[in-house]
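Down below is the structure, laid out as structure tokens.
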There are 2 protein chains.
Amino acid sequence: MSNLKILVVEDEEAIREMLVMVLEQANLTVIAVGSAEQARESLADNMVDLIILDWMLPGISGVELARRLKNEPGYKELPIILLTARGEEEDKIRGLEIGADDYVTKPFSPKELIARIKAVMRRSGKLSESGQLSVGDLTLDAEQHKLTIAGRSLEVSPTEFRLMQFFMTNPDKVYSRTHLLDQVWGRSVYIEERTVDVHIRRLRKILAEYGREELIQTVRGFGYRFSMAN
Amino acid sequence: MSNLKILVVEDEEAIREMLVMVLEQANLTVIAVGSAEQARESLADNMVDLIILDWMLPGISGVELARRLKNEPGYKELPIILLTARGEEEDKIRGLEIGADDYVTKPFSPKELIARIKAVMRRSGKLSESGQLSVGDLTLDAEQHKLTIAGRSLEVSPTEFRLMQFFMTNPDKVYSRTHLLDQVWGRSVYIEERTVDVHIRRLRKILAEYGREELIQTVRGFGYRFSMAN
DNA sequence: GCGCTATATTACCGTTTTGTGACAAAAAAA
DNA sequence: TTTTTTTGTCACAAAACGGTAATATAGCGC
């Protein structure tokens, strides 16, 4: 779950520190602020992947901030987890109505919080498939950001790494160039379809050094497939 | 602050987990139980260096357990930190009268808790601060603030030392410049991301004198990684 | 084989990212 | 105080990355 940035909005310092520690422990990048106003500033400067928002805040309350964000086009998709005092059942309902993606009650268990973050991230498709992916003797470790074949590490560029990550997460299926562009490059960029060929070529070249170029197969008329089976 | 064993007595699971995480993060060994009775059993089996005790417990309360322990010859010297709900000022006084060594209010800040534990440990002379980290033939001694490679000591500046300390504590993982800044420099300090590069460079230069510059690896597009493996 | 299309391969080159030395301010030491 | 060390920033150099286009090759129906 690396490389995700979380914005924590909590006015009480002890709890804020607690949150920061728990989140950093879980390998997340954290920005912590104490009010809705500061949260706004942070959002303007930083792209964050999720907000953890205290229900009660001085000035503009957490619920209010959540409600507003969920009505703004730019932040509609930004997952929000609300932090509420224990047992306020109506709060939970109201929070979810407003559009919060989940909520956690104080005091919170670190495990639970992390689990909920993961769940929300997974739902919004932001979870970058943590841990180790293995296909045959190929291993991709997201944490180390390292790709190895039979223990020897491969030198791949960032884009190649992401492409490989995608392939290893979805093996044995054909993907069109368009689909690959969407998934690996991101929906918002327009790039020539042919560019995919070039990156496939680069990956194959690297794999070929270990006699594994057949891992990435061409499916004429459709696209490419990553598979152990020939 | 390693090699110290802490017994946590707290009935509420969320808070118990929280405590465990915070303490383990601080390199302490933790045993966590949910009641005074279980605490008794644990004490019979394990030698612990400090107890963190919730004021309110089902059955025999925390205060009561503290009072009893402080009257038993075998446990008289065992430091106890009481956990109380916020703002119960009389509790504090009563707690200290009973013989508790310190108290912390919920919700607690991780930093504060660790600081108080350290203080209590120091007072009772248990703080040995034998923080030795070793990775390969690299050794970092937190106590002496000394970094040695195969016995020969390296001349590193304070910041470089902390950076190295962080890396050696978290090997084999990529960290972004932002993450490193947060962890090594501390959040709330605004420093150019590229400054990290410079410090990495300085560390590498020192390591290079011993042919070990490859210990710190660049992961293009992501950050840096400390690892023995190539 | 021929013609057509899809894919492979290569080279190019602007852009981005990282490395590096120098410098000055700040902090620490003397 | 003066001197020395430490540290953050900058500017430029070096390296790498990544998209494009041009060209070559391969697949396939006829």
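Every chain is numbered from 1, with letters handed out A, B, ... down the list of sequences. Excluded from the calculations below are hydrogen atoms, water molecules and symmetry mates; all remaining heavy atoms, backbone and side chain alike, are included.
Where B:Glu193 and A:Glu160 meet DNA chain D, the nucleotide closest to each residue was compared, and B:Glu193 sits on the side nearer the 5' end.
For the pair B:Ile191 CD1 and D:dT7 P, the computed distance is 10 Å after rounding to whole Å. Counting to the nearest Å, the P atom of C:dA8 and the CG atom of A:Leu203 are 13 Å from each other. Rounded to a whole Å, the CD atom of A:Glu155 is 15 Å from the P atom of D:dA15. Distance, A:His199 NE2 to C:dT7 P: 17 Å, rounded to whole Å. Atom CZ of A:Phe161 is separated from atom P of D:dA16 by 19 Å (rounded to the nearest Å). C:dA28 atom P lies 13 Å from atom NE2 of B:His145, rounded to whole Å. The distance between atom CG of B:Leu180 and atom P of D:dG8, rounded to the nearest whole Å, is 13 Å.
Residues satisfying the ring pair (Phe, Tyr, Trp, His ring centres under 6.0 Å) test with A:Phe166, not counting sequence neighbours, are A:Tyr175. Checked against side chain to side chain donor-acceptor pair (under 3.5 Å), B:Thr169 has no partners two or more places apart in sequence or in another chain.
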- Query: Step by step, would you call A:Arg40 with A:Glu72 a salt bridge (Lys or Arg N to Asp or Glu O under 4.0 Å)?
  - Reply: CA-CA 12 Å; A:Arg40 277 290 190 193; A:Glu72 289 175 32; 2.6 Å; yes
- A correct 5'-to-3' footprint of nucleotides 12-20 of chain C, with B, S and - meaning base, sugar-phosphate only and no protein heavy atom under 4.0 Å, is -----BBBS
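When distances are taken from the side chain of A:Pro158 to each of D:dT6, D:dG18, D:dG19, the shortest belongs to D:dG18.
In terms of heavy-atom proximity, A:Phe167 sits nearest to A:Ile200 at CE1-CD1, 3.8 Å.
Under a 4.0 Å N-O distance rule, the pair A:Arg68/A:Glu64 qualifies as a salt bridge. A salt bridge is absent between A:Asp101 and A:Arg116: the closest approach of a Lys/Arg side-chain nitrogen to an acidic carboxylate oxygen does not fall below 4.0 angstrom.
Classified by interplanar angle (parallel below 30°, tilted 30° to 60°, perpendicular above 60°), the ring pair A:His199/A:Trp185 is perpendicular.
Put simply, B:Ser157 has a side-chain N or O that comes within less than 4.0 Å of OP1 or OP2 on D:dT7. Phosphate proximity of D:dG18 to A:Thr159: present, with a side-chain N or O under 4.0 Å from OP1 or OP2. OP1 or OP2 of D:dG19 lies within a sub-4.0 Å distance of a side-chain N or O belonging to A:Trp185.
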